[in-house]
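Residue numbers begin at 1 in each chain, while the letters A, B, ... track the order of the sequences.
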Protein chains: 2
Amino acid sequence: MANNELSKDLDPIESFTMADVVELKLREYIKRKSFKPGDSLPKELELAEALGVSRNVLREALSRLRMLGMVETRKRRGMVLARPDILGTMERVLDPLIIDKDTLQDIFELRLVLEMGLAELLFSRKTEQDIKDLEAIAKKENGADKTFRIKNEIAFHGKLYEITGNDTLKRFQIMLLPIFGYVVTLEDQPTRGKVTHQDLVEILKTGTKEDFRIGMFEHLKPHFDRLTKPSGV
Amino acid sequence: MANNELSKDLDPIESFTMADVVELKLREYIKRKSFKPGDSLPKELELAEALGVSRNVLREALSRLRMLGMVETRKRRGMVLARPDILGTMERVLDPLIIDKDTLQDIFELRLVLEMGLAELLFSRKTEQDIKDLEAIAKKENGADKTFRIKNEIAFHGKLYEITGNDTLKRFQIMLLPIFGYVVTLEDQPTRGKVTHQDLVEILKTGTKEDFRIGMFEHLKPHFDRLTKPSGV
DNA sequence: ACATTTGATATGTAGTACATAAGTACTAGT
DNA sequence: ACTAGTACTTATGTACTACATATCAAATGT
């Protein structure tokens, strides 16, 4: 249908509601005043009056900021600014069932890009204990059934992210897991690269960053191969 | 202060408001019914009654979902599900001035990881036109002043993301720009790697993926060097 | 059959009222 | 004078009502 395509190309006139405007105004206000986490905001009634809207509308906007973790409110104590919960916010919208196919594919690729880029951090931060942990995970894999292998796969790659010592990265990965899993289930057959987890650990232990990147590529190669087929252009 | 550390360790008792609960219930409801974008939801009054809350509270919850792009509402037409605006949502909380130092650092590293991992996609998707574009950007750099060089830096790396053909990745990068910029301004001196943009283009043109990864690492080396100093552990 | 008007209806906004939690001030008792 | 306990105050949380506005649907007229 031509109409369908049309409605995708030019997104509809989003009539801004007062809540939208107030949300924006509050953001600006916070920035302009360069408030920092812990600072307290005026009371609802004052804000509402200052903005010329009902307390109702103001509360809708505040409710949004509260959801993002930008403000916290306690009865009688008023409102205070807080640090937004970045990962938590992202989690709210990362539902594989709602995201469109192209974006899912994009995110799948994003994960591959991340794993290929981990090498630097891994080699500069790995410890002997980390290697041992990885070895233990990789070893368990032998002769395990399918469902266990999937769990192990997650554990192994999860551990890699953990080694980077980058907590945001790690949580980001956990967040992407369901999406990754969802895309993988769409594949026809289980994909296994030539390079196994045990190989990767060995490289991490005795090899170089370059070796690891090549190894990781081989490990992920089945996924990369799927990509090169012209997917959804 | 001991008190400060304490309040960081055990996060405060978040007293859930009705809006919080209703937001969650609506999410569950949408999932359970496996609604898809385009499907229409019951009217506010019906939902409010079914949930046993005032229309006010329900609207606060809906306002949140609207912000995330999960639902759209038109007067009289009722509410319809929509695809959440992932990047737009993330943008809302990625304000360098509010994010804490550790997370900023984490995100900075995330960007480095991404750039190191781009090679595969770049080499499988680059076109001759892309190379020409990159060359043009890299060439402009010669003999330019500082502010222009920064803009050019952004343009070059932005173009790299663009070549991947991954729109989500590209927008993600744009989103991270202010953060990257912010962290860089905290550095003492301008950082320049041994490998220039022109070198990178040349590798992309005639070299291999491995060459490119090594080149990119050298290009980003000043940043990586900063990391290896034990930062904020 | 088509254009116009009229009416119905769901969302958007405003305003009032009251419950509840949490400071604050005041009182009483040792 | 100091502590404990009480009463008061106040800002947020929730509910309800009322009305404006946009838009779909039906009725009406040509």
If you look at every heavy atom in A/Lys170 and A/Tyr161, which pair is closest and at what distance?
CD-CB, 4.1 Å
In whole Å, I'd like the distance from the CD atom of A/Glu60 to the P atom of C/dT11.
12 Å
Gap between atoms CZ and C1', on B/Arg77 and C/dT9 respectively (whole Å)
15 Å
Grab the CD-P distance between A/Glu44 and C/dA14 for me, whole Å please.
15 Å
Would you mind reading off the distance between A/Met18 atom CE and C/dT13 atom P, rounded to a whole angstrom?
6 Å
What are the 5'-most and 3'-most nucleotides of DNA chain D lying under 4.0 Å from any heavy atom of chain B?
D/dT14 to D/dA25
Describe, in one word, how the ring planes of B/His197 and B/Phe156 are oriented to each other, choosing from parallel (under 30°), tilted (30 to 60°) and perpendicular (over 60°).
parallel
Quick one: on DNA chain D, does B/Thr17 or A/Gly78 contact a more 5' nucleotide (nearest heavy atom)?
A/Gly78
Can you check the A/Met79 CE to C/dA22 C1' distance for me, whole Å?
16 Å
Neighbours of DNA chain D within residues 49-56 of chain B, by heavy-atom distance under 4.0 Å
B/Gly52, B/Val53, B/Ser54, B/Arg55, B/Asn56
Just wondering, more than 12 heavy atoms not from A/Lys25 lying within 6.0 Å of its NZ?
no
When the distance from NZ of B/Lys75 to C1' of C/dA8 is rounded to whole Å, what number comes out?
15 Å
Hey, are B/Asn56 and B/Glu60 close enough side-chain-wise for a donor-acceptor pair under 3.5 Å?
no
Any luck finding a side-chain donor-acceptor pair between A/Arg64 and B/Ser63 under 3.5 Å?
yes
Below 30° counts as parallel, above 60° as perpendicular, anything between as tilted: where do the rings of B/Tyr29 and B/Phe35 land?
perpendicular
Should B/Leu160 and B/Leu134 count as side-chain neighbours, where that means a heavy-atom distance under 4.5 Å?
yes
For B/Arg66 and B/Val71, the nearest pair of non-hydrogen atoms, with its separation, is CG-O, 3.5 Å
Does any residue of residues 19-33 of chain B have a heavy atom under 4.0 Å from DNA chain D, and if so, which ones, in number order?
none
Does the side chain of A/Asp130 pick up a donor-acceptor pair with the side chain of A/Thr127 at under 3.5 Å?
yes
Please report the shortest heavy-atom distance between B/Met79 and B/Pro42, naming the atom on each side.
CE-O, 3.1 Å
Aromatic rings A/Phe108 and A/Phe180: how do their planes relate, parallel, tilted or perpendicular, breaks at 30° and 60°?
parallel
Using only side-chain N and O atoms of A/Arg59, determine if any of them is under 4.0 Å from OP1 or OP2 of C/dT13.
no
